[in-house]
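To keep things clear, I will list the structure first and then write my remarks on it.
Sequence lines set the chain letters: A, B, ... in the order given, protein chains first and strands last, and positions in each chain run from 1.
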Amino acid sequence: MSQQAYLFIYPCEITPLKPTDIQDPEYFHKVIDCQYACPAHTPVPEYIRLIADGRYADAYMINWHSNVFPGVLGRICDRPCEPACRRGRVDKDPVAICRLKRVTADFKDDIRARLPKIPSDKNGKKIALIGGGPASLTVAHDLMPLGYQIDLYDEQAAAGGFMRSQVPSFRLPLEVLDEEISYILDMGVTTTFNCRITSLKEFLQKGYDAVFIGTGAPRGRDMPNLPGRREGGASIHVGIEWLAAVSYGHIEEIGTTTLVIGGGNTAMDCCRMARRLGGKDVRVVVRGPRSKMNASPWEIEDALREKIPIMENLTPLEFVVKDGRLIGMHFEKAGGGKEPVFVACDEVLLAVGQQNAFTWIEKDLGLKLKNRWVPVIDEVTLQSTLPQVFFGGDAAFGPRNVITAVALGHRAAISIDLFCRGKDLKDRPGPSVTLSSQKMGVHDWIYDSRVTDEARQHVPTVETVKSIEDRMLEVELGFNKKSGKTEAERCLNCDVQTVFNFKECIECDACVDICPTSCINFLVNGDEEDLRARLSMPAKNTSQALYVSDILKTGRVMVKDENVCLHCGLCAERCPTAAWEMVKCFYACAKAGQ
Amino acid sequence: MTFTRPKFRHPDLPPNALGYTRRDYEGALSTLCAGCGHDSISNAIIQACYELPLEPHRVVKMSGIGCSSKTPAYFLGRSHGFNSVHGRMPAIATGANMANRDLLYLGVSGDGDTASIGLGQFTHVVRRNLNMVYIVMNNGCYGLTKGQDSATADRGSTSKKGAPNLFESIDLCELAIQLGAGFVARGFSGDKIQLVPLLKAAMSHKGFSLVDVISPCVTFNNTNASTKSYQYVRDHAEATGTLDFIPLRQEITTEYQEGSTQEVPLHDGSVIYLYKGEGARDITNRRAAMDSLESHRVESRIMTGILYFQEGIEDTHEMIKTSQQPLNALQQEDLCPGNAALQQLMEGYR
Ligand SMILES: Cc1cc2nc3c(=O)[nH]c(=O)nc-3n(C[C@H](O)[C@H](O)[C@H](O)COP(=O)(O)OP(=O)(O)OC[C@H]3O[C@@H](n4cnc5c(N)ncnc54)[C@H](O)[C@@H]3O)c2cc1C
Ligand SMILES: Cc1ncc(C[n+]2csc(CCOP(=O)(O)OP(=O)(O)O)c2C)c(N)n1
Ligand code: SF4
Ligand code: SF4
Ligand code: SF4
Ligand SMILES: [Mg+2]
């Protein structure tokens, strides 16, 4: 053969890549795009396969251990996993991961018997949770089974935090929220509701072994200096306060013409809620272009479907008040003339951001704050400068979302447990990885290796006319078992890894030839940039790893671009020497008490 | 076993100059043994057709019987094809070529199909210099019928059965050079870097081109004592020189060092660039080619690359002065030119 092509002397500036270390748990974790992108690292493909098998309760429990609120998150999660989904890189749409999570909750049977047993003998340590949102509830979920005694304080009348006060029932029915909160509180958490903590100093007198602050980012931003704000006050509301008032039944109606100022998810909830309170003409007004809006694309779609127009490139100038009554607003049109644009309205909802507020944390406690909104904490341990006080959820780094609050709750629970056991907080438990070969027969796999061509399944909704009339009526109906299975089968099983054993390879090219997406290459080694450019399909997506083997008999190496591998197993089926193996990698995050 | 290949391909598949992607040259999912060299050759054919580029509907795949002869099902799914009887592919290809000279004829055969039952057909199609590419997927055995030694198995080579081959082997390349073929090359299924340009050059050559591709049969003839195994071929192969094929109209972007490179222009304006190794010889010299093959054989070395090249030899159509037009394009006036023409013809015989 043309040996000279292979006997290659590297120019001194090129450092050939070292063989990939697949023993590093993070290598395969990164290949599982969805799990890697999930802040709580939910083992997505594992639960999706269980759905395809009709094992809903098993699938639910995998979620429960990792993201704590599968029924809730299956409806309202910000789903960072979906933009990351591999399927989105080879097909039109990613797998509907979020709505499949809901399938596990909708079709499971009673799972109470599967919940962890709570020791009746306590370990003697008492923990306080301030705030009863998802972050605090996750800390309880992790620490109750370990024998901690936990007291939860919240100024609301029930637990759930913003999931209860902010997220509208037409997106998240109360029963779903109540059920999943009860799994945690019924472990024996002592709750004190309608109780606002007003002084941390006093609170610390109670002598808890550790205190977790999960008070969220409860303050909505206002526009106090905009002319007319005071005069029109009665008809101008801060969005999140208004939503909370609606969910507690304090507000039941709204003006005919409402403007919602802001382009984030809160604005989307405000406008849709306003329609349900009888708002005939509800419009969203955003400062920049529509393409730059912060809200998730699906939330924008939902609003548009409810006939809510979005007006773009308008910067608020003033509230126009006539005879003591708000009659509209003036805006400056970006790129428009000098004349302000007038938009008539009789009510305004401000959804222009939120922030934390730690007015109740005294300055002389030794607990440092960067400013009024941000505590000084260790990014990994979440410990504050007062060793027994930990932060998590929106209170830690500012407003995010439920799944991030859960992830931070898990992290804080590990820290609190280490702290209470007198261990080093930096010496943290690692993830657990279980590898299992998928080989069943010569060419049979334990997992379903077929790649379906089905398009993303559509989630049915109730008629808009009907849902607008009732703010408690959930808009989405969810997948049924059949569409759920079809959707589940779209998953590419990215946790079933292609493992290459270079010693077995005879370099026959069978794998290269069969691979539908041209992932596999045999070539002379080089540095990463050089290799990426020389692959049969150049590896342009640098966020995805190259899998490089040791040196083969011809002097070349095997280089696989992980980017668009379909995990179809054809390389392993075609390999005459079983140099490729399909191995399932179950990656589970570290847990408190591990 | 998965009998379907996922429909998804790499999202960045680039189109060639004709607007086709590599996918447009694919065929059905192969049913050959996993690791069979023939599958690699199929893929090299796909790659060559995509790169040249050829229009799939202008290609005719012809084959005989054998695992190798099954492969046309696995590439160029949008081309024409005829799977004939054992050893008779050349006759069918000749007929088709006579009927329509405008298509590209790609004959695919095995060493059994060519050197045993089809040897007579092979020699004659070479002699006639039929304008076609003749690819032999050469594994030294009859794969389809469970691995009996074929006529290209080297004496002493031992397949899975365990008994060394008693008979002298036929070197198809040597035979083809002797019988006047204008393009004779040898490749290895495990080296596409060489094989793809070889195929492209063969497809661009006018007249008969033989590409004998050593293609290990993983199931019956990939033993340690076989001279057609992956390992043996890798250890004993020696290229006549690395080569580049630059199709017509394509810009030449590589810089070729003078002296070490032989430039071989083809009839259609394409160029083969050969980077010669040490002791390289002129590939257009027929006697040197024969000598070289012989001396390599004596030393148990396998010579690969373009072994012999000669442009401008008359092909069958030119020899027997056939119609310039494909038969299906002939109109009634062409076929039945009328009484005046007949009288004129008759006059010639008086
Ligand atoms: C309108 C709106 C819609 C949203 N929609 C989504 C969505 O669809 N998906 C998503 O993932 N995220 C959404 N979010 C964000 C999400 O709700 C939050 O990121 C998440 O709830 C934060 O959780 P947490 O546990 O940190 O705090 P929170 O949920 O904010 O809970 C904090 C709790 O602490 C209590 N508290 C505060 N201060 C005190 C005190 N001093 N004493 C006692 N109790 C106190 C509060 O009453 C509250 O119950 C939305 C937010 C808003 C505003
Ligand atoms: C007339 C006839 N004789 C014998 C056979 C049996 N037969 C089928 S394939 C084959 C040999 C094929 O060998 P080869 O051409 O090398 O193909 P391979 O399977 O090795 O690729 C034989 C002898 C046949 N099909 N027809
Ligand atoms: S599993 Fe193997 S054959 Fe399938 S896409 Fe991935 S690398 Fe290619
Ligand atoms: S199919 Fe197996 S033996 Fe052949 S090149 Fe691929 S890994 Fe190596
Ligand atoms: S028997 Fe040999 S030639 Fe036939 S498919 Fe199997 S490996 Fe290939
Ligand atoms: Mg054969």
Next on the checklist: Is it the case that atom NZ in B/K161 sees more than 12 heavy atoms from other parts of the structure closer than 6.0 Å?
Outcome noted: no
Next on the checklist: If I measure from the heavy atoms of chain B, does A/T577 come under 4.5 Å with its side chain, its backbone, both, or neither?
Outcome noted: neither
Checklist entry - What's the shortest heavy-atom distance between A/T517 and B/R9, and which atoms? => result CG2-C, 3.6 Å
Checklist entry - Given side chains that start at C-beta, do those of A/M537 and B/P14 come closer than 4.5 Å, heavy atoms only? => result yes
Checklist entry - Can you check whether B/P6 reaches A/L570 side chain to side chain, under 4.5 Å on heavy atoms? => result yes
Checklist entry - Within a strict 4.5 Å, meaning less than it, do heavy atoms of the B/K192 and A/D513 side chains meet? => result yes
Next on the checklist: Check whether B/S40 reaches the backbone of A/C508 with its side chain - one donor and one acceptor, N or O, closer than 3.5 Å.
Outcome noted: yes
Checklist entry - Hey, are the side chains of A/I506 and B/N222 touching, using non-hydrogen atoms and a 4.5 Å cut-off? => result yes
Checklist entry - Between A/R89 and B/D12, is there a salt bridge with N-O shorter than 4.0 Å? => result no
Item to check | Which atoms of B/Q231 approach chain A - backbone, side chain, both or neither, heavy atom under 4.5 Å | outcome: side chain
Checklist outcome for this item: Smallest heavy-atom separation, A/E573 atom then B/A34 atom, equals O-CB, 3.7 Å
Checklist entry - How about B/N224: does its CG atom have over 12 heavy atoms from other parts shown lying under 6.0 Å from it? => result no
Checklist entry - Do A/I514 and B/L29 come within less than 4.5 Å of each other through their side chains, counting heavy atoms only? => result yes
Checklist entry - Where on B/I214 is there a heavy atom nearer than 4.5 Å to chain A: the side chain, the backbone, both, or neither? => result neither
Checklist outcome for this item: When rounded to the nearest 0.5 Å, the distance separating CD1 of B/I41 from CG of A/D509 is 11.0 Å
Item to check | Which atom of A/V564 lies closest to which atom of B/H10, heavy atoms considered | outcome: CG2-CD2, 3.5 Å
Item to check | Contacting moiety of B/C33, where chain A heavy atoms sit under 4.5 Å | outcome: backbone
Checklist entry - Does A/R574 reach the main-chain N or O of B/G35 with its side chain, forming a donor-acceptor pair under 3.5 Å? => result no
Checklist entry - When rounded to the nearest 0.5 angstrom, what is the spacing between CZ in B/F8 and SG in A/C568? => result 11.5 Å
Next on the checklist: Please report the interatomic distance CG(B/D39) to SG(A/C511), rounded to the nearest 0.5 Å.
Outcome noted: 12.0 Å
Checklist outcome for this item: Of all heavy-atom pairs linking B/R234 and A/E507, the shortest is NH2-O, 2.8 Å
